[in-house]
Amino acid sequence: QVQVVESGGGTVQAGGSLNLSCTYSGLSFDSHAMGWFREHPGKEREGLSCISWNGENVYYADSVKGRFTISRDNAKKTLFLQMNSLNADDTAKYYCAIELANRWADLCSGSRRPSYRGQGTQVTVSS
C-alpha cells in the first residue's frame, strides 16, 4: 500500500519562508514524477511545481517561479518544496502527488491525474 505524507506546513508572516516535505512509502522504485499542488477554498487546484524522477526536469507555475524550489531525495523517498517570499496569496492547503509514468509536465498541467497523493498540509501566511 502506497502512503504519501506531507509535513512542514504552518503559519508564517508575509515575507517569510517554509520548507515542505513529502515522504512516501510502499513503492520499491523511484522512476516516477512528483509534484506539489495547492487548493484554496473557492479556487481551482493549482499545479505549483513538478519534477522528473531524476530531478533533471522541473516545472514551476508562474505564480511561484523564482520564489519556490522543488527538489527530491530518492534515497530518502522524499520530495521537498522550499518556499520563500511568501505572501497572503500563498495561503492554501498544499498537496504532494506521485505520477508513476514520469509524466512530470502533464502532472502539473492537470492533463494527467496523480497516481497517488497525500492528505495535505496547511500553509497560512499572515500579513
Side-chain angles (χ1 to χ4, degrees):
Q1 182 179 356
V2 177
Q3 291 189 323
V4 181
V5 180
E6 302 93 339
S7 62
T11 300
V12 63
Q13 287 191 331
S17 300
L18 283 174
N19 190 20
L20 304 184
S21 298
C22 167
T23 301
Y24 64 91
S25 61
L27 289 175
S28 59
F29 50 86
D30 54 23
S31 57
H32 49 265
M34 297 187 73
W36 288 98
F37 296 78
R38 67 186 178 192
E39 293 181 356
H40 189 277
K43 295 184 180 179
E44 290 187 3
R45 186 181 68 176
E46 182 180 13
L48 299 177
S49 183
C50 292
I51 187 169
S52 61
W53 77 274
N54 58 4
E56 291 187 355
N57 302 102
V58 296
Y59 164 86
Y60 292 102
D62 288 341
S63 59
V64 303
K65 197 173 295 182
R67 299 188 299 125
F68 291 10
T69 302
I70 192 171
S71 62
R72 63 189 293 170
D73 185 335
N74 289 339
K76 295 183 178 179
K77 298 186 183 297
T78 302
L79 178 73
F80 302 98
L81 186 68
Q82 176 65 43
M83 306 188 296
N84 299 326
S85 303
L86 289 163
N87 58 62
D89 289 339
D90 295 317
T91 294
K93 197 162 190 179
Y94 285 66
Y95 297 87
C96 169
I98 294 174
E99 198 287 306
L100 293 179
N102 197 36
R103 302 274 291 272
W104 52 277
D106 292 339
L107 175 63
C108 261
S109 71
S111 62
R112 194 161 181 92
R113 299 182 68 175
S115 307
Y116 305 99
R117 56 172 282 177
Q119 295 298 309
T121 184
Q122 179 67 36
V123 172
T124 302
V125 184
S126 61
S127 56

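Note that the structure is a prediction, hence the values are computed from the model and not measured.
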**Asked** Can you name the closest pair of heavy atoms from Gly35 and Ile70 and give their distance?
**Response** CA-CD1, 4.4 Å
**Asked** Please walk me through it: do Phe68 and Leu86 pass side-chain contact (heavy atoms from CB on, under 4.5 Å)?
**Response** CA-CA 9 Å; Phe68 291 10; Leu86 289 163; 3.8 Å; yes
**Message:** Using every non-hydrogen atom in the two residues, find where Glu6 and Gly118 come nearest and quote the distance to one decimal.
**Reply:** OE2-CA, 3.2 Å
**Asked** Taking all non-hydrogen atoms of both residues, which atom of Ala92 and which atom of Gln122 are closest, and how far apart?
**Response** O-NE2, 3.3 Å
**Request:** Decide, yes or no, whether a salt bridge links Arg67 with Asp90 under the criterion of side-chain N to carboxylate O below 4.0 Å.
**Result:** yes
**Prompt:** Got a sec, which pairs hit disulfide (SG to SG under 2.5 Å) with one end in residues 57-97, sequence neighbours left out?
**Reply:** Cys22-Cys96
**Prompt:** Under the criterion side-chain contact (heavy atoms from CB on, under 4.5 Å), which of Tyr94, Tyr60, Tyr95, Phe37 is the partner of Leu48?
**Reply:** Tyr94
**Request:** Considering non-hydrogen atoms only, spot the tightest contact between Ile51 and Ser71 and give its length.
**Result:** CD1-CA, 4.1 Å
**Prompt:** Mind checking whether Arg38 and Ser63 have side chains closer than 4.5 Å, heavy atoms only?
**Reply:** yes
**Lys93/Glu39 salt bridge by N-O under 4.0 Å criterion** = no
**Members besides Trp104 in its Ile/Leu/Val/Met/Phe/Trp/Tyr cluster (side-chain heavy atoms under 4.5 Å)** = Tyr59
**Asked** Quick one: does Asn102's side chain have a donor or acceptor within less than 3.5 Å of a partner on Trp53's backbone?
**Response** yes
**Asked** Below 4.5 Å, heavy atoms only, C-beta onward: do Ile98 and Pro114 meet side chain to side chain?
**Response** no
**Arg72 and Asn54: CA distance, side-chain angles, deciding distance, side-chain contact (heavy atoms from CB on, under 4.5 Å) verdict** = CA-CA 8 Å; Arg72 63 189 293 170; Asn54 58 4; over 6 Å; no
**Request:** Identify whether Trp36 and Met34 are in the same connected component of the hydrophobic contact network (ILVMFWY, side-chain heavy atoms under 4.5 Å).
**Result:** yes
**Asked** Is any side-chain heavy atom of Gln119 less than 4.5 Å from a side-chain heavy atom of Val5?
**Response** no
**Asked** Quick one: does Lys77's side chain have a donor or acceptor within less than 3.5 Å of a partner on Leu27's backbone?
**Response** yes
**Request:** Would you name the heavy atoms of Thr121 and Gly9 that are closest together and state the gap between them?
**Result:** OG1-N, 3.1 Å
**Message:** Are Phe29 and Leu100 packed together at the side-chain level, in the sense that at least one heavy-atom pair is separated by less than 4.5 angstrom?
**Reply:** yes
**Item:** Arg112 side, atom CZ; Cys50 side, atom SG - distance, nearest 0.5 Å
**Value:** 12.5 Å
**Request:** Applying side-chain contact (heavy atoms from CB on, under 4.5 Å) between Met83 and each of Asn19, Val64, Val123, report the one that passes.
**Result:** Val123
**Prompt:** Shortest non-hydrogen contact from Ser49 to Leu81?
**Reply:** CB-CD1, 4.4 Å
**Asked** When you measure from the side chain of Ser111 to the backbone N and O of Ser109, does any donor-acceptor pair fall under 3.5 Å?
**Response** no
**Prompt:** Parallel under 30°, tilted from 30 to 60°, perpendicular over 60°: which one fits the rings of His32 and Tyr24?
**Reply:** perpendicular
